[in-house]
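Each remark here refers to the structure printed beneath this line.
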Amino acid sequence: MRAASRWKRWVGGLAAASLLGACTTVPVYGNPVTATPVQPPHHFFSVDWWKQLVSPTLLEYAPREHAQPAYDSKNERVITLTRDGYVRSFDLKGHEVWRYPVGNRFYAGATVDDGIAYVPGTDGVLYALDAKTGALKWKYAAGEALATAPVLAGDLVLVASQSDTLFAARRASGELAWLYRRDPPAGFTIHRAAAPTVRGQAAWVGFSDGTLVSLDLTDGSVRWEKVLAPSGVTQFVDVDTTPVLDESGHVYAASYAGGLYALDAETGDVVWNSVAQGITSLMIHGNVVVATGDDRLDAYLGDTGKLLWSQTLQERAGLEPVLVKGMILVPAQRSLLFVDPRTGQSRLTWNPGEGISAPPRVAGGKVYVLSNNGYLYALRLDGRSG
């Protein structure tokens with residue numbers, strides 16, 4: 001821990017700057033490692049503690065941490081997966097409790113439930129660890145780099161690979177129940193993968209060939225499939241957005257080249273389509289679908305597809321957003337954006353060091369952020385927009 005008492009509950013400031021195209025002056029704040037602490041004019045958050053997990057190397061260019069921190073509610077721990085190949089568990093004061101070596105970097109974070117941490121490895125192995133001790137419970141060798149946070153569905157653990165395979169393993173033993181595989185397209189693809197979304201006995205998941213598929217969880221059989229890629233296009237047609245569902249029976253997903261789609265979740269029939277390209281992540285809140293991606297942050301009315309607002313990220317890529325205390329938090333490569341969901345305006349941006357690629361984790365009244373330079377931060381949001 002590098003926190004002296006005078007740094008406790010810190011909010012550091014740099015110069016004000018404009019980040020989103022429609023904004024005028026957006027405060028940009030730094031971090032307690034490299035910035036001088038200056039109290040901002042509007043108090044959005046404070047940093048309770050921080051911890052360096054990964055030491056930089058001289059040969060490393062543009063480091064990235066892609067794995068969202070996980071929260072272990074049973075033991076009140078935060079679990080991180082970092083590019084040095086370690087799984088680490090921390091108590092709520094930032095003290096390391098245990099670590100487990102995997103040896104490879106991670107593309108996605110762990111999922112924790114009932115005292116078990118399910119860890120997707122780029123070494124092709126799905127690990128089940130005792131969340132209290134870090135001891136290995138079981139592992140399943142998928143043989144393909146796993147690229148999504150595991151999704152729990154009854155007695156199954158679902159995880160997708162970078163090679164267009166969805167694996168379903170038994171939660172109790174790690175034994176393979178079934179798998180579903182699609183052939184990758186011939187053209188160039190995005191280096192991402194969509195996690196499945198589950199409701200009842202059905203799952204919805206996208207693939208790099210531009211197809212959204214609905215599967216029966218009983219045996220992995222296909223309920224329906226729909227091509228979202230535009231006709232005649234062979235490059236970057238990926239459906240890498242994790243689908244989102246609303247309460248009206250719609251499923252939303254996006255092809256990188258084909259735009260955002262709303263479909264009937266039971267039949268796959270298209271309800272509407274927005275042709276905005278470059279979308280990589282979706283979030284739904286009520287009847288509003290928030291889409292992030294290359295250079296853009298948009299909000300659509302779920303029923304009709306009407307564009308409510310749109311902001312440019314000025315050549316930055318918006319990653320998976322989260323909603324907390326009336327603000328949308330959007331990782332955007334070089335910073336974390338605090339966005340007003342009513343207008344899309346960025347109220348504040350924060351760069352904790354080399355930017356942020358992993359979505360923050362909201363848990364227990366705090367927000368846990370893993371920066372690209374390998375620091376874990378525990379933020380306390382005040383929930384006031386000034």
Side-chain angles (χ1 to χ4, degrees), residues 2-3 7-56 60-69 80 82-83 94 280-281 292-297 311-322 324-325 327-340 344-362 366-382 385-386:
R2 293 195 171 193
W7 290 97
K8 282 291 189 180
R9 301 184 60 77
W10 168 94
V11 180
L14 295 178
S18 176
L19 182 62
L20 297 184
C23 300
T24 53
T25 303
V26 179
V28 181
Y29 298 97
N31 67 82
V33 181
T34 62
T36 302
V38 176
Q39 187 71 15
H42 302 298
H43 190 66
F44 282 80
F45 69 91
S46 53
V47 178
D48 276 3
W49 53 262
W50 64 92
K51 180 81 172 181
Q52 183 179 14
L53 310 187
V54 182
S55 298
E60 191 172 33
Y61 173 75
R64 291 289 183 267
E65 295 290 357
H66 296 287
Q68 181 182 27
T80 61
T82 45
R83 67 184 187 275
T280 56
S281 298
T292 59
D294 289 353
D295 309 338
R296 62 187 305 118
L297 175 66
Q311 302 291 355
T312 175
L313 300 182
Q314 294 187 349
E315 299 182 356
R316 293 169 172 83
L319 302 171
E320 184 180 342
V322 298
V324 56
K325 290 195 174 183
M327 299 291 285
I328 302 174
L329 275 56
V330 183
Q333 290 185 318
R334 282 175 274 175
S335 57
L336 183 67
L337 312 182
F338 290 67
V339 176
D340 186 333
Q345 296 291 316
S346 179
R347 305 299 304 276
L348 177 147
T349 72
W350 181 54
N351 179 10
E354 301 291 343
I356 299 170
S357 297
R361 172 66 64 183
V362 180
K366 293 184 181 179
V367 178
Y368 298 96
V369 177
L370 182 61
S371 69
N372 283 330
N373 65 356
Y375 280 74
L376 176 65
Y377 294 87
L379 309 186
R380 186 181 300 277
L381 269 63
D382 286 350
S385 60

At their closest point, which heavy atom of Pro359 faces which heavy atom of His66, and how far apart are they?
CD-O, 4.5 Å

Value for CG (Asp48) from CZ (Arg380), rounded to nearest 0.5 Å, stands at 4.5 Å

Worked check of side-chain contact (heavy atoms from CB on, under 4.5 Å) between Trp49 and Lys366:
CA-CA 11 Å; Trp49 53 262; Lys366 293 184 181 179; 4.1 Å; yes

Taking all non-hydrogen atoms of both residues, which atom of Leu336 and which atom of Pro360 are closest, and how far apart?
CD1-CG, 3.8 Å

Closest approach of Ala358 to Ile356 (non-hydrogen atoms, all atoms of both residues)
O-CG2, 3.2 Å

Heavy atoms, side chains only, cut-off 4.5 Å: are Glu65 and Val54 in contact?
yes

Provide the closest heavy-atom pair for Asn372 versus Ser357 in the form atom of the first, atom of the second, distance.
OD1-OG, 3.1 Å

Going by heavy atoms in the side chains, are Leu53 and Leu370 under 4.5 Å from each other?
yes

Can you tell me how the ring of Tyr377 sits relative to the ring of Trp350, calling it parallel under 30°, perpendicular over 60° and tilted otherwise?
perpendicular

Would you call Leu376 and Trp50 a side-chain contact if the rule is heavy atoms closer than 4.5 Å?
no

Do the side chain of Thr292 and the main chain of Leu319 share a donor and acceptor less than 3.5 angstrom apart?
yes

Any side-chain heavy-atom pair from Leu313 and Leu337 closer than 4.5 angstrom?
yes

Nearest-0.5 Å distance that lies between atom CG in Leu348 and atom CG in Leu329:
9.5 Å

Val330 and Pro321 have their tightest heavy-atom pair at CG2-CB, 4.0 Å

I want to check something: taking the side chain as every heavy atom from C-beta on, are Arg83 and Arg64 in contact at a cut-off of under 4.5 Å?
no

Which distance, rounded to the nearest 0.5 Å, do you find between the CE of Met327 and the OG of Ser346?
7.5 Å

